[in-house]
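Input: a single structure, listed below in structure tokens.
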Amino acid sequence: MKDLDYETLDEDARGILRQNDRGGFTIPTSGLYPFQWNWDSVFAAWGFSTFDLPRAWAEIEALFEGQLPSGMVPHIIFRKDDSDYFPGPGVWGCDLGAFSSSGITQPPVAATFIRKLYEQDPALGRPILETLVPKLYAWHQWFMDWRCSDDGAIFVTHPWESGRDNSPDWDSSMAALEPGDVGPYTRRDTSHVDPSMRPTKAEYDRYLYLVQRGRKLGWDDAAMAEAPEFQVAEPGISFILLRANRDLAALCDAVGRDASDVNAWTARIETGCKTLWNDEIGGYDAVNLLTGARSGALSSVAFLCWYAGMPDARMQAPLTRVLSDVAFPVPSLVPQDARFDSLRYWRGPTWGFVNSMIGLGLAESGLTSEAETLRQRTAEVIRKGGFAEYFDPITGAPAGGDSFTWTAAIWLAWVRAGSEG
Ligand code: DGY
């Protein structure tokens with residue numbers, strides 16, 4: 001393993017952002033993910049903001065060029081096709097916006113990081129904000145219309161919508177799907193990355209089945225909401241939207257727009273997030289809304305309660321446990337869970353960008369020593385393993401794609417922001 005010094009890593013991180021820049025938008029990594037992904041792009045902007053604020057704003061503006069007329073911002077924007085990726089634009093068949101795109105969204109981190117860009121230089125950001133706030137508002141409104149449960153928790157309609165593709169949070173919903181014959185297809189991800197670090201074939205059949213279903217329904221929100229086959233309320237997207245909504249209210253204030261609707265959404269989602277608490281695991285977990293089954297999985301996104309502005313003393317014990325028992329926290333699934341798999345994507349590995357959100361929330365809630373521990377352990381795993389997509393939480397081994405945009409971005413914007421190194 002390497003043990004690189006901070007200045008070399010700073011330069012490497014900036015180099016990765018430049019190298020993954022495709023001319024105004026940034027891909028997560030070449031080969032494995034050759035398009036613009038929604039939350040990856042927002043983290044790219046946060047990284048760019050440490051050395052090129054105008055470029056950071058351009059990233060966000062490019063993302064919103066892909067917004068659909070419904071207000072939804074898709075999880076992938078296919079500006080041009082690339083045969084290195086499956087399923088590409090021809091499989092999704094979603095051409096409702098200015099670019100071909102996927103037909104689902106991703107956790108809405110944008111408002112939170114747009115606020116950070118704006119606060120760095122309000123004079124520069126102000127005119128851009130004037131055009132972005134209505135777009136953010138439309139996206140959040142879309143969430144409230146199409147992804148908010150009766151209880152106020154936010155749900156996903158495809159595992160990819162959560163960004164945590166193979167988390168155990170979807171196991172019961174995935175098992176209930178009957179994909180039948182989805183037709184022949186060739187995965188491309190396993191030609192870029194060791195298959196043991198990726199979702200299984202059974203999972204891919206189901207991912208594809210849900211894509212085919214959406215395509216048949218013309219990606220029409222109302223049609224897809226009838227007789228849904230996959231609906232899981234989950235803490236990641238719920239906490240992220242809750243936080244983003246608070247930031248959207250502040251952005252509305254900044255441009256003189258009334259925020260009363262946004263504040264009402266905040267209250268509703270906050271109520272919903274409370275329903276995701278599960279006494280049996282002593283943490284927040286996902287609920288299959290079609291059956292009421294709980295996932296029983298304590299994953300890293302449960303630790304976003306502080307980031308969401310919902311400090312919860314009950315989460316202190318699990319936090320102390322992951323910080324003391326796991327060498328490179330925070331694991332995407334706690335190692336005590338029988339489903340833990342240290343290298344398989346969202347069933348165990350540690351993701352630096354999730355750590356950055358957890359760390360921001362801890363620091364804002366006054367848990368400064370925990371925030372600092374997390375920041376230092378994230379620094380250590382990157383110094384040893386480089387800018388990998390994710391890391392084995394036990395050994396720190398790098399995993400998934402390399403030269404990864406969001407790992408480089410959070411190195412610059414979060415790990416280094418409070419560092420003496
Ligand atoms: C993939 O292709 O692995 C992505 O996670 C889908 O967004």
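Note that ligands are numbered from 1 as they come in the structure, with each ligand's atoms numbered from 1 the same way. These figures come from a predicted structure and were not determined experimentally. For reference, positions follow the sequence shown, starting with 1.
Ring geometry, Trp37 versus Tyr33: the interplanar angle exceeds 60°, so the pair is classed perpendicular (tilted spans 30 to 60°).
Tested against Arg206, the residues Pro179, Pro199, Pro159 include a single side-chain contact (heavy atoms from CB on, under 4.5 Å) partner, Pro179. None of Arg55, Arg18, Gln36 except one satisfies the side-chain hydrogen bond (donor to acceptor under 3.5 Å, both in side chains) rule with Thr26; the exception is Arg55.
A donor-acceptor contact closer than 3.5 angstrom is absent between the side chains of Asn166 and Trp346.
For ligand 1, the 4.0 Å heavy-atom shell takes in Tyr33, Trp37, His75, Tyr85, Trp160, Asp165, Arg198, Tyr204, Tyr345, ordered by chain and residue number.
Stacking of Arg188 on the aromatic ring of Phe86 is not recorded, the 6.0 Å distance cut-off and the 45° axial limit not both being met.
Enclosure of atom CD in Gln336 by more than 12 non-hydrogen atoms of other residues, nucleotides or ligands within 6.0 angstrom is indicated.
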